[in-house]
Structures are given as structure tokens and as C-alpha cells.
Amino acid sequence: MQNKYNPHAIERESQQYWIEQRSFRAVETPGKPKYYCLSMFPYPSGKLHMGHVRNYTIGDALSRYHRMRGFNVLQPMGWDAFGLPAENAAMANRVPPAQWTYDNIAYMKKQLVSLGFAIDWERELATCKPDYYRWNQGLFLRMLEKGLVYKKTGTDNWDPVDQTVLANEQVIDGRGWRTGALIEKREIPMYYMAITRYADELLAALDTLPGWPERVKTMQANWIGKSTGVRLAFPYALDGRDDRLWAFTTRADTLMGVTFCAIAAEHPLATRLARDNPQLAAFVDECQRGSVMEADLATMEKKGMPTGFFVAHPLTRERIEVWVGNYVLWGYGDGAVMGVPGHDERDFEFAKKYRLAIKPVVDVKAKPYSTDAWQPWYAEHGACVNSGQYDGLAYDAAVNAIAADLAAKGLGEKQIMWRLRDWGISRQRYWGTPIPLVHCAACGDVPVPDAQLPVVLPEDCVPDGSGNPLAKRADFVNCTCPKCGQPAQRETDTMDTFVDSSWYYTRYACADQNNAMVDKRVAYWLPVDQYIGGIEHAILHLLYSRFWTKVMRDLGLVKLDEPFSNLLTQGMVLNKIYFRKNNDGRITYYNPTEVAITPGTGSVGTVGPSVTVALTGVSTTGAVGAVAASTLKTDGQPVESGGIGTMSKSKNNGVDPQSLIEEYGADTARLFMMFASPPEQTLEWSDSGVEGAHRFLRRLWDYCARNESAIRFRDSSVRVNDWAKEDGRLRASRGEMHKILQQANFDYARMQFNTVASAGMKMLNALEKLPVDTTPLNANLPLQSFLNPKFQLMNESVGILLRILSPIVPHITHALWKELGFETQYGEILTAEWPEVDQAALIQDEIELVLQVNGKLRGNMRVAKDADRAEIEQLAMQNANVQKHIGGQP
RNA sequence: GCCGGGAUGGCGGAAUUGGUAGACGCACGGGACUCAAAAUCCCGCGCCAGCAAUGGUGUGGGGGUUCGAUUCCCCCUCCCGGCACCA
């Protein structure tokens, strides 16, 4: 064999071998246990980044590990190919999104292949292809028939200059990212999927997912947000009509403490009242500006304006003034809240600010109550006070009594409220699945008949930032009404790209099926046994996928309640963010590789390197590198630091693994990523340590090359059958090997690959430290009596080492496995039996014991493995250091 | 703001059920080899005191439970992810 490790040659050769052998083609094999291992498919942004390498190496290691454990493994790959960045690239480069996307896919596929992932490429799919998205359209129509898709108005960001809808990401500090114009909220008709109808099941079924991380289940449960309360009405009369203002509350027990009502600016009552009140109209207008994001709404200053209009308290008929509040969410409940400043923090602040009455109506258990300042205990449950007939009632009793009294008047009832909102899927964007509807002047919105699917998206549009380019395509828009045959217009909105990713895992099972969305192969492969992807998808993508699975089940397409049995949420790979604010207010992001960091002058130089870090840590912006100056390499001018964040296209802080692969090879890139940290942990990018990973692989190769003939040793005539009779030093070494194997097995089971890599390093260290004696212990025996067992141990250990490493570094282990003849011993490494721990080898002659006095370490000692308790205690008491420290004890 | 997570040497991290904190690796220091460099190998490496033996101290900060806490409980700080049109 070659005596030098040549990663590029062996990686080319092993990848070639896998392709020729079609090693990773998955075939439905009834009776064999299947393992569907799926990593979240990438958005084809241009190049892979380190987050991808991390994600797909984890998935690949699990796939390869399970293949060796005897499973029939499916590991597919595809492309989440619709989306906004393609349109941005189109604007920047005047290239159609389709071309940009397909070019990226070709490049990134090459990168994935060069990393040696065990993917069945025959099942590859891209969501931007008609043979995929036609089934989005098909299911959309089925859902429309069932009433699971409906139309209503929704709010979006409107850029008045470009006359276009913007994504939240394109709104920066309330302004359009390209125009700098103040963004307005706009209400437009959109299609919604009725995910709230599944809220109950989506919540309850979380308990059926033991293979999901608790944190993800908690996040989903909180997102769905089931709360039990009372929906109640404040009656009023307006325009000669009796009407009611509805509001939901979980604190009906505080109803007697209501001192105002607040409604959202979008509330119809606000719109009506603003008609006669220019000041209110201006305020409603002001509320309509700015971002639609909840994070912005929740952090902005709480403002309100009295309407001068009064509603009646549902029980006391007391007059309650209606306010418009910018903090009231139109999307939650009825877009109105009853204001109880006495026991709700937000209402309290609002009341203080606008000098509204604060009326405590709950006994806060002897803790002080003052209307001067909010205290957390004001919101606690307690007996009603100041509440007339309800005085003295505890929370549950009060809610029940008040709900009953409201019900008697027809002004309210107990209700379950969900935080979850229906899923608006309409996007006023080009690069997505066309919504299959036709607008006819005579027939209204008409679904496109199945026979006319797919509604194909033209692939040659080049968006320019103003409006939806589809609307400008007469050849797309103009059509005939499927119902009446008269000229009509196609819907130009496309679907949210989350629709595409909500069911792709199903399609991999039958990617070549052109006559149906799914076929019987789905029943074989699904559910996904192991899903791997970033923690950022903990809520939306995973919730939408669960929803679609249940919809497909109820439409009779699959027999499946949940799509993903086990979930591993990978931690984000972070990198520094650098940017400049241009004169026109736009922001340019610079890749950290383009930025030079020069250490600051002054104090830093005098305090030494260990303090520099601390100094940067307390910088005014909280950003790393604020003491040091960051400048752009190309022009030497300063750039601003945006702290650290997820590697992404939009922040331009991704690191392309290509240079790593080219310099060190794929195995080093994979090993380095796995060794850097456990999979679920956030990881700040740094390439220090790459050398170490590469050095280990080189050492592994060198060791095998140097000891080739010894490792090959397996003369069955002198084979050791009873290790207990062999040299103690060899037995100890063998015990160490099996202990390390046990650790690696444990770590594979818990998917902690950094310590698997560490186990491999320990094993090589142990191999290199095997006793080197060249003379037999017993002079009467030939040298062989020591060397035979030693060589056999080397053969056994290297065989174990290559197998435990192969899921992580498949190329070098593939090559060494062949070179050292293990193939004839165990078969191909891809399917070689996983090594098992020899429990007998783990038994040690002596055990090390640690001596603690009052929990503090005071010494250690070695005892025979069969020493009894009395013997051990006696020895421990003899220890001088122990004596010293128990001397003063009573 | 709300929801979820995190913080351990100069750095990435390990510690499986509350029981030797710092495995493994990086960086660094010293040595061997070399004309020299690289590569490789050997030794050292939390902090403070000490020649050493050893002692003290130490897992973001503060408090608590325990014979014993990185691990369990309470409070706080900072960082990361999500917040429904980035994917």
C-alpha cells in the first residue's frame, strides 16, 4: 500500500467505486428493517456552507452506521428550489431565477458528491420542477374542496415607491431595503390553510413523539398556545344598530376590574369611529405604518388614543371607553382586549401612561398592593375583592360564576383560544408554485381542473423589483374560464415555499411516479426514522409538515399520523457579520473572509493577549471585535460589526467548504466538523483545529502502512482463544480497546459524534503504545508467543477502529479496509458487521478507588477486583492523607 | 417584549444515574531528529502559593439543597435561535 496518505486519490477512487457499485441505491425490501434517514434539503443558494456540511455529515454518519447495523437505509437528497434569493439574484445579475437556481443546484450537487455522502441520487427532486409542484397544486385543490383552504384578507408590507410587496426580511427599520421608503401595512385578499382545525391534534400528538427533543415539543406546544378562557361581549349602539364588541380573556375573574377596552387599529369599529374623528384617523394611519412583525409590535412603545366612544360593561352596564391601541394584535382572538390595569402588566402600563383608573379586584395574598408601580404578584390568582356578588370566590369559582352569568345574558361563554393562526400561503411573488385558480368575471374564483394541471410557471422571467412579474405576462395571465369558457385571468400569486417543504419527504419514496402524488412505496419507507436539520426549523417547517401529513392522511393519501419518528435538531453554525450602511440607507454585507481585523492600539498592547478578549467582550456594541478595527481588505476602509449570527446568504457570512476540501480532502472536512462540537450545540465558526483532524487521519494511515503485515496477521493455527492466559500488558491493552469501543457504541446511540471521533483518536493512541517487547516474557518460549497475540490484537483493534470511524470518514476507512485485507475477513466495510464489545475483556485485575473525605478528594488507591468492603475500608483508613483529614472530625 | 436554548482552561470541547472537573484535540512552551526549515516523535500545560511534596481555589454572577453540585432548585447577566413573507 501507499506509505503516504493521499486523500484526493483515495476519495476519488472510493467515490468512483460507490457509483459503479450503486452502493447507495435504496430498494424496497419487505421483511428487512428499514431506516429512512433524512436531512433537511438545502435551499440552492449558490454554494454549500459549513452548516450544510455539519447537517449532511450527521445524516451520513447515521445512515452509514445503520447500514452496518443491518438496516435497509434510504438517504435521499433534493432541492428546496423556490424562494426569494433567486429573485434578488435576478435583480442583481439580470439572470432568470430558474437559470440561477439550476446552476446553483449543479454546483452544489457536485460539492455534495465530493463530500462522499451516501445518497441515493436516483430519487433527487427539485421543488421548482412542474412534476413536483403539480402535486402542491393538486393537494391545494383537494383542500379547497374540503374547505381547508379559504380566502380572506391578510396584512403585508407595502413599499409605496417600488409598488411592491416586501418580505419581512426586506423591511429594515421600517423602511424598504431597496428604496428606503417608509413601509405601509396593506390588507389584501389571500388564501389560507386551516391549520387551526388541527390545533388540538397537533398539540396532543406531541406526546406520541418520544424521539423528538423536549425543547422542540415545548416550543411547538407554546406556539399552538392553547388557552382556556371566556369570550365576552361589550354591548353598544352605533348608527342606530345594537352591536357588540367581542374580546377574549383568560382572566374573567377580573371582569369587575375593567376600566377600558382597547382595540386594534385594523378593527372594523376603529375604522368606523375614525370616519368621524380626524385625529383618530391619523392615529389609525400611524399604526398602519411600520413592520408587521410580531417582534417589532411587541417591543415598540405602547401607544393608544381614546375614541370618545363607550361600550357597556356586560354585567354592570357601566360605561367603558374604547381606546385604539397599537399593541393590540388584530390577528389574535377578536382584535380587542378588556383593559384590567389592576392585574395585567401591559394594561397597567397603559393606564399609568394615559391616567386611566386602576381598580384592584383580586386579593394578592397579603402582599402589598399599590397603584404606584407594577409588581409581578399583581398578576397572581387570588380571591375576588371589590367585585360585588363575586367577592371571596377563588379563581376557578369566579370564572365559572362570571361565565355562567354572561351566558345567561347571551354576552359570553367559556371558550378555548389558540395562539396558532391559520397559515396564509399567498405570496405576491414570481418564483414559487402558481396557485391553481382562475378569476372569471362571471364565475368568480374557479379552480383549475385536475386535467389542466400543472399550471406551469414560465421560467424566463427576470424580476426587476417592482411588483410581481407574473402579472405582467399576458401569456400567463390570460386564459379561458374552465367553467364558462369566457376569457379570464389566472391568479398570479404563488405559494409560500413552506408548502413545498411540507411533504417532500413523502415524495422521495416515489419520486419517479408521474401519475400520482404518492404510491405504495410510501407505506414502506415512511415515517422518516431519523430527521436531521437546524433548530431554526423547530416551529414553522416542522409544524407545517405535521399538518400536511395529517391532511394527506385525512384525504386517504397516506396511512400516517406523524411524518418524523425521531428528530435531531442541529445547532446553528455561526459566523461574524460585517456590514456598511450606504448613503441611501441600504446595507451591504461583507463576508468575514473579505474583512481584516487589526488589533486596536493603546491599552490592549499593555495588558496582554488574555485580556484582549475580555476587553472586546465589554465593548459598547456588544459586538466581537469592537476594540479591534475591522476594515475591508479591498479598500482598507472600516466596516461595522453586526456581531455573530447564522451563516446565511442574506448576511453574506457563509463559509464555503470547498477550499477545505481542496486542501485537506473530504474526510478531514467531515471529521473536523463532527469533532468540533456535539450536533445539537450552537457552533461559532473557526477553522483552528482543521490541522489536527488532518494530522489524525495522516497518523492513522501511517500507522497502518507501517504495521501492514502485523495487522494482516491472522494465522488461525496460533489464534488466541483464551485471552485470560495471555500477557497481562496485552490483556490490559485489549481491555482498553474494548472500553473505547463501548464508549463509541454509547456515543453512536446518543448521536454524539465528537466523542466518537475522540474514541477513534484514543484507540490509535492506544495502538501506538502497545507493548514493544521483542523478547518473550518466558525465556523458554519463542518470541512468537508474545508477538502472535500482539499481532492478533492489532488486527482486531484496527478492524474495530476502521469500522467505528467509517461512518464519519468513509473514504480513508474504505481504502485501508481494502488494503489491509479486512474485506476477506468481514466483507465490504459498508455492510460489515458492527464490532461488538467483548465483556470479558473489560474485567480488570485491579480497580482504582478514589478517597473522599466530606466530599473532598484526599487520595486514591488500587485494590484487587475482588476485594471486599471491610478490606477496602481498612485500606482507606490507613491512607495518611485520609487520616490527616478525618483527625479533626468528631 | 414573548417562547426555547446556551455559558466549563488561551481556544473547541469531555465528564453516561449527584461522586477524581478539564478526556480528546487545537494553540502555546521545552526537548529530540535536521546544516537548517518543514514534517514527525517525547515532555509540560486551569489559576494562586511552593524547588518540591503539597495546600488553596476553580465549571457566567448571586443564593439554596446535599457528606459531596458542571449536574438539582431559586434569582440575575450576557449570548444564540424562533416570533407566522429568509429558508
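Lettering of chains follows the sequences in order, A, B, ..., and the numbering in each one begins at 1.
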- Task: Identify the two heavy atoms, one from A/I804 and one from A/A744, that lie closest to each other, and give their separation to 0.1 Å.
- Result: CD1-CB, 4.0 Å

- Which letters describe nucleotides 14-19 of chain B, given B = protein heavy atom under 4.0 Å from base, S = only from sugar-phosphate, - = neither? SSB--B

- Task: Give one of base, sugar-phosphate or nothing for A/F498, where a contact means two heavy atoms less than 4.0 Å apart.
- Result: base

- Message: Strictly below 4.0 Å: does A/N765 bring a side-chain N or O up to OP1 or OP2 of B/G25?
- Response: yes

- Sequence neighbours excluded, which residues qualify as side-chain contact (heavy atoms from CB on, under 4.5 Å) partners of A/Q428? A/D156, A/V165, A/I188, A/M190, A/S426, A/D493

- Item | Gap separating the OG1 atom of A/T494 from the CG atom of A/N468, nearest 0.5 angstrom | 6.5 Å

- Note on the structure: Here the distance between atom C1' of B/A87 and atom NZ of A/K651, to the nearest Å, is 12 Å

- Item | Nucleotide B/C85, atom C1' - distance to CG of A/D500 in whole Å | 14 Å

- Message: For a quick check of understanding: with a heavy-atom distance under 4.0 Å over all strands, which category does A/M40 fall into, base, sugar-phosphate or nothing?
- Response: nothing

- Taking for each residue the nucleotide of RNA chain B with the nearest heavy atom, is it A/F41 or A/T218 whose nucleotide lies nearer the 5' end? A/T218

- Could you work out the separation of B/C72 and B/G82 based on their P atoms and round it to a whole Å? 26 Å

- Message: Over all strands shown, is A/L574 touching base, sugar-phosphate only, or nothing at heavy-atom distances under 4.0 angstrom?
- Response: sugar-phosphate

- Does A/D422 have any side-chain contact (heavy atoms from CB on, under 4.5 Å) partners at least two apart in sequence or in another chain, and if so, which? A/Y150, A/Y192, A/A194, A/I195, A/T196

- RNA chain B in dot-bracket, Watson-Crick or G-U pairs under 3.5 Å, [ ] crossing, | other strand? (((((((..(((......[....))).(((((.......))))).((((....))))..(((((..]....))))))))))))....

- Item | Heavy-atom closest pair, residues A/Y505 and A/S545 | OH-O, 3.1 Å

- Task: With sequence neighbours left out, write down each residue that passes side chain to side chain donor-acceptor pair (under 3.5 Å) with A/S688, or none if nothing qualifies.
- Result: A/S686

- Query: OP1, OP2 of B/G81 versus side-chain N and O of A/T646: anything below 4.0 Å?
  - Reply: yes

- Using the closest heavy atom to pick a nucleotide of RNA chain B for each, name whichever of A/R699 or A/R215 lands nearer the 5' end. A/R215

- Query: Which part of the nucleic acid, if any, lies within contact of A/A538, taking any heavy atom under 4.0 Å across all strands shown: a base, the sugar-phosphate backbone alone, or nothing?
  - Reply: nothing

- Item | Below 4.0 Å: OP1/OP2 of B/U40 and any side-chain N or O of A/R698 | yes

- When you compare B/C47 with B/C41, how far apart are their P atoms, in angstrom units rounded to a whole number? 25 Å

- To the side chain of A/R695, which of B/G81, B/A27, B/A87 is closest? B/A27

- Item | Nearest-angstrom distance, P atom, B/C51 to B/A36 | 35 Å

- Reference residue A/P679; test side-chain contact (heavy atoms from CB on, under 4.5 Å); the match among A/L568, A/I532, A/T569, A/T57: A/L568

- Message: In this structure, how many angstroms lie between the P atom of B/G13 and the CZ atom of A/F753, rounded?
- Response: 17 Å

- Item | Pair A/W685, A/N653: side-chain N/O donor-acceptor within cut-off below 3.5 Å | no

Check nucleotides 43-46 of chain B against the protein and report each pair of N or O atoms closer than 3.5 Å, with its distance, or say if there are none.
none

- B/C74 and B/U65, which share atom name C1', separated by this distance in whole Å: 11 Å

- Task: Identify which nucleotide among B/A87, B/G81, B/A84 has an atom closest to any side-chain atom of A/H537, counting heavy atoms from C-beta outward.
- Result: B/A87

- Task: Fit a plane to each ring of A/Y504 and A/Y531, take the angle between them on a 0 to 90° scale, and name the class: parallel (under 30°), tilted (30 to 60°) or perpendicular (over 60°).
- Result: tilted

- Message: Under 4.0 Å, heavy atoms only, any strand: does A/D156 hit a base, just the sugar-phosphate, or nothing?
- Response: base

- Of all the choices, B/A27, B/C24, B/A87, which nucleotide is nearest to the side chain of A/F675 once you look at every atom? B/C24

- Note on the structure: Interatomic distance, CD1@A/I435 vs OH@A/Y191, rounded to 0.5 Å, equals 7.0 Å

- Message: I'd like the P distance from B/A37 over to B/C24, given in whole Å.
- Response: 29 Å

- Message: Would you measure the distance from the C1' atom in B/G68 across to the matching atom in B/C78 and give it in whole Å?
- Response: 30 Å

- Note on the structure: Sorted by chain and residue number, the side-chain contact (heavy atoms from CB on, under 4.5 Å) partners of A/P85 (sequence neighbours excluded) come out as A/Y43, A/W100

- Message: Please report whether the ring centroid of A/F672 lies less than 6.0 Å from that of A/Y664.
- Response: no

- Query: Roughly how far apart, to the nearest Å, are B/U54 and B/G5 at atom C1'?
  - Reply: 42 Å

- Under the salt bridge (Lys or Arg N to Asp or Glu O under 4.0 Å) rule, collect the residues that match up with A/K353, sequence neighbours excluded. A/E301

- Query: If you look at every strand shown and take non-hydrogen atoms under 4.0 Å, does A/L166 touch a base, only sugar-phosphate, or nothing?
  - Reply: base

- Message: Can you confirm if the aromatic rings of A/F350 and A/Y327 lie within a centre distance of less than 6.0 Å?
- Response: yes

Check nucleotides 56-61 of chain B against the protein and report each pair of N or O atoms closer than 3.5 Å, with its distance, or say if there are none.
from, atom 1, to, atom 2, distance (Å)
B/G56, OP2, A/R858, NH1, 3.4

- Query: Are A/W503 and A/Y132 close enough that their ring centers fall under 6.0 Å?
  - Reply: yes

- Pair A/R429-A/T497, side-chain donor/acceptor within less than 3.5 Å: no

- Could I get the full list of salt bridge (Lys or Arg N to Asp or Glu O under 4.0 Å) partners for A/D747, not counting sequence neighbours? A/R750

- Reckon A/G225 touches a base, only the sugar-phosphate, or nothing at all at heavy-atom distances under 4.0 Å? nothing

- Note on the structure: Value for NZ (A/K226) from CG (A/L202), rounded to nearest 0.5 Å, stands at 12.0 Å

- Which residues within residues 423-435 of chain A lie with some heavy atom under 4.0 Å of an atom in RNA chain B? A/G424, A/S426, A/R427, A/Q428, A/R429

- Would you mind classifying the nucleic acid contact of A/V165 as base, sugar-phosphate or nothing, using non-hydrogen atoms under 4.0 angstrom? base

- Message: Does the plane of the ring in A/H537 sit parallel, tilted or perpendicular to the ring in A/H541? Use 30° and 60° as the thresholds.
- Response: perpendicular

- Query: Is A/K217 paired with A/E214 through a side-chain N to carboxylate O contact shorter than 4.0 Å?
  - Reply: yes

Report all interatomic pairs (protein N or O, nucleotide N or O of nucleotides 72-74 of chain B) with separations under 3.5 Å.
none

- Any idea which of B/G12, B/C80, B/G1 is nearest the A/A295 side chain? B/G1

- Query: Can a donor-acceptor pair be found between the side chains of A/E169 and A/S650 at a distance below 3.5 Å?
  - Reply: yes

- Nucleotide nearest A/I644 when distance is taken to its side chain, options B/G82, B/C80, B/C86: B/C80

- C1' spacing across the pair B/A32 / B/A49, given as an integer number of angstrom: 33 Å

- Quick one: label A/M193 by what it contacts on the DNA or RNA (base, sugar-phosphate, nothing), any heavy atom closer than 4.0 Å. nothing

- Item | Geometric class of the A/Y198/A/F547 ring pair [parallel <30°, tilted 30-60°, perpendicular >60°] | perpendicular

